[in-house]
Amino acid sequence: MFVLKQAWACLFGALMLAAILISRAIWQPDLPVARYDALFAFALVVQAAFLTLRLETWTEARVILPFHLTGTAMEWFKVGAGSWAYPEPGLFKIMGVPPFSGFMCAAVGSYIARVIRIFDMRFAPYPPFWLTVVLAGAIYVNFFAHHYLPEIRLGLFAATMLMFGRTRIWFTLGRRYWMPLPVAAFLTNLFLWLAENIGTLTGTWLYAGQRTLESVSLAKIGSWYLLLHVSFVTVTLVSRTALDRRARSWADQAALRHDPQHGPRQNHQPQHDGRRPASHGGQDAATPPQG
């Protein structure tokens, strides 16, 4: 069930990867429409279908919009810097970047927003929100700045562990389970690396010096690990309902399961000042009820 729900959460990205594979297998150079343009049209249709069929809420659509903006900006810069390239022609390519690439970036945001909803996730204890925004901004800027300034990637790796090392992702699957956030990020990166290989093996995009049918460097897992933190914080800029500064206990999670919108009730146990509690109904209140 966990695998099935994860697959359902990443439906947008899976459909885009399927379109890349199928179009690569059937496309002919003499067709009147370029493959990149067809992928762009397909992405628009899928996005409209998700909203029409309510597979994605309008709130989630607002979450995904920043991914188009930040993702496209990075694509323009990286393609211009020669980090990777889109070798095929396309009518709608701007600065060497086809617009469907923005939807590929947005697919990551779609997955994060949908998986939080599908698993009723809570993140606790969550670090101060402003610190996560500063860290995400530093990671994003480093993707540009390392072309001109010293690389600070190792420091950013350490910062993510210091900031999110204690954070657990609580999720529902019959009952409440949890997973450390850094572990979840690393596992997600492995699947993103596989998706990258589908893109490069089909020649849809290629990294500098990479040839078709050559796998993506494992070093890209580190890049995606950092970029995934940027993606997660981008989602929280629009929706923060799943974030909690407090450390959750098993009792908290039981209460949360009954009242997921408002969190655990505050008074699970009667509070007193150290004196013997008053009796009710002839039974000492400190004595557990019988039967």
Side-chain angles (χ1 to χ4, degrees), residues 1-18 43 45-71 102-127 129 132-133 136 164 167-192 195 224 227-246 248 252-265:
M1 184 57 65
F2 178 84
V3 172
L4 289 175
K5 283 192 171 187
Q6 286 285 342
W8 184 243
C10 64
L11 180 62
F12 192 104
L15 290 173
M16 290 299 300
L17 291 175
V45 170
V46 170
Q47 182 64 78
F50 265 51
L51 293 172
T52 302
L53 299 175
R54 298 182 180 180
L55 297 177
E56 193 172 86
T57 67
W58 283 101
T59 299
E60 289 167 348
R62 290 200 304 272
V63 168
I64 294 167
L65 179 60
F67 286 85
H68 284 275
L69 303 178
T70 58
F103 285 91
M104 295 301 297
C105 297
V108 179
S110 173
Y111 163 74
I112 295 174
R114 281 168 55 82
V115 81
I116 290 174
R117 171 169 54 86
I118 291 170
F119 283 92
D120 185 27
M121 289 183 171
R122 295 295 184 272
F123 301 84
Y126 197 76
F129 182 74
T132 67
V133 174
F164 294 104
T167 302
R168 294 176 173 182
I169 303 178
W170 293 90
F171 59 95
T172 301
L173 198 66
R175 63 182 182 86
R176 295 298 269 182
Y177 298 87
W178 64 268
M179 179 183 294
L181 190 148
V183 173
F186 176 75
L187 294 175
T188 304
N189 291 336
L190 295 179
F191 286 95
L192 290 172
W224 272 109
L227 195 57
L228 198 64
H229 282 81
V230 177
S231 301
F232 176 66
V233 173
T234 302
V235 170
T236 64
L237 288 174
V238 180
S239 177
R240 305 183 205 173
T241 56
L243 310 182
D244 196 331
R245 291 289 306 278
R246 298 167 295 176
R248 295 289 188 184
D252 290 335
Q253 293 307 309
L256 190 64
R257 185 165 61 251
H258 293 296
D259 190 10
Q261 296 299 321
H262 300 93
R265 296 173 179 84

Given side chains that start at C-beta, do those of Thr132 and His229 come closer than 4.5 Å, heavy atoms only?
-> no
Using residues 3-12 as the side-chain source, report each donor-acceptor pair under 3.5 Å to any protein atom, sequence neighbours left out, with the distance given to one decimal.
{"unit_1": "Gln6", "atom_1": "OE1", "unit_2": "Tyr111", "atom_2": "OH", "d": "2.6"}

With sequence neighbours left out, the residues meeting side chain to side chain donor-acceptor pair (under 3.5 Å) with Arg240 are none
Are side-chain heavy atoms of Ser231 and Ile112 found at a separation under 4.5 Å?
-> yes
Among all residues two or more places apart in sequence or in another chain, which pass the ring pair (Phe, Tyr, Trp, His ring centres under 6.0 Å) test with Phe232?
-> Phe123
Under the side chain to side chain donor-acceptor pair (under 3.5 Å) test, which residues partner Thr234, sequence neighbours left out?
-> none
Of all the heavy-atom pairs spanning Gly71 and Cys105, show the shortest one and how long it is.
-> CA-SG, 3.8 Å
Ala242 to Ile116 - nearest heavy-atom pair and separation = CB-CG2, 4.1 Å
Those residues at least two apart in sequence (or on a different chain) that pass side-chain contact (heavy atoms from CB on, under 4.5 Å) with Val45 are none
Main-chain N/O of Ala124 paired with Thr167 side-chain donor or acceptor, under 3.5 Å | no
Interatomic distance, Trp170 atom CH2 to Met121 atom CE [nearest 0.5 angstrom] | 13.5 Å
Under 3.5 Å donor-acceptor, Arg245 side chain and Tyr126 backbone | yes
Dump the intermediate steps for side chain to side chain contact (heavy atoms under 4.5 Å, CB included) on Val46 and Phe103, then the final yes or no.
-> CA-CA 10 Å; Val46 170; Phe103 285 91; over 6 Å; no
Got a sec: does the CZ of Phe191 have more than 12 other heavy atoms crowding it under 6.0 Å?
-> no
Closest non-hydrogen atom pair between Met179 and Leu187, with its separation = SD-CD1, 4.3 Å
Run the numbers on Phe50 and Leu15 for side chain to side chain contact (heavy atoms under 4.5 Å, CB included), then give the verdict.
-> CA-CA 11 Å; Phe50 265 51; Leu15 290 173; 4.0 Å; yes
Could you pull out all residues at least two apart from Phe186 that satisfy ring pair (Phe, Tyr, Trp, His ring centres under 6.0 Å)?
-> none
Partner set under side-chain contact (heavy atoms from CB on, under 4.5 Å) for Thr57, not counting sequence neighbours = Thr59, Glu60, Arg117
Set of ring pair (Phe, Tyr, Trp, His ring centres under 6.0 Å) partners for Phe67, sequence neighbours left out = none
Min side-chain heavy-atom separation Asp244-Arg122 under 4.5 Å | no
Is the backbone of Val233 close enough, under 3.5 Å, to the side chain of Thr236 for a donor and an acceptor to pair up by distance?
-> yes
N/O donor-acceptor pair under 3.5 Å between Ser110 side chain and Ala106 backbone = no
For Ala61, enumerate each residue passing the side-chain contact (heavy atoms from CB on, under 4.5 Å) test, keeping only those at least two apart in sequence or located in another chain.
-> Leu51, Glu56, Trp58
Min side-chain heavy-atom separation Ile118-Val115 under 4.5 Å = no
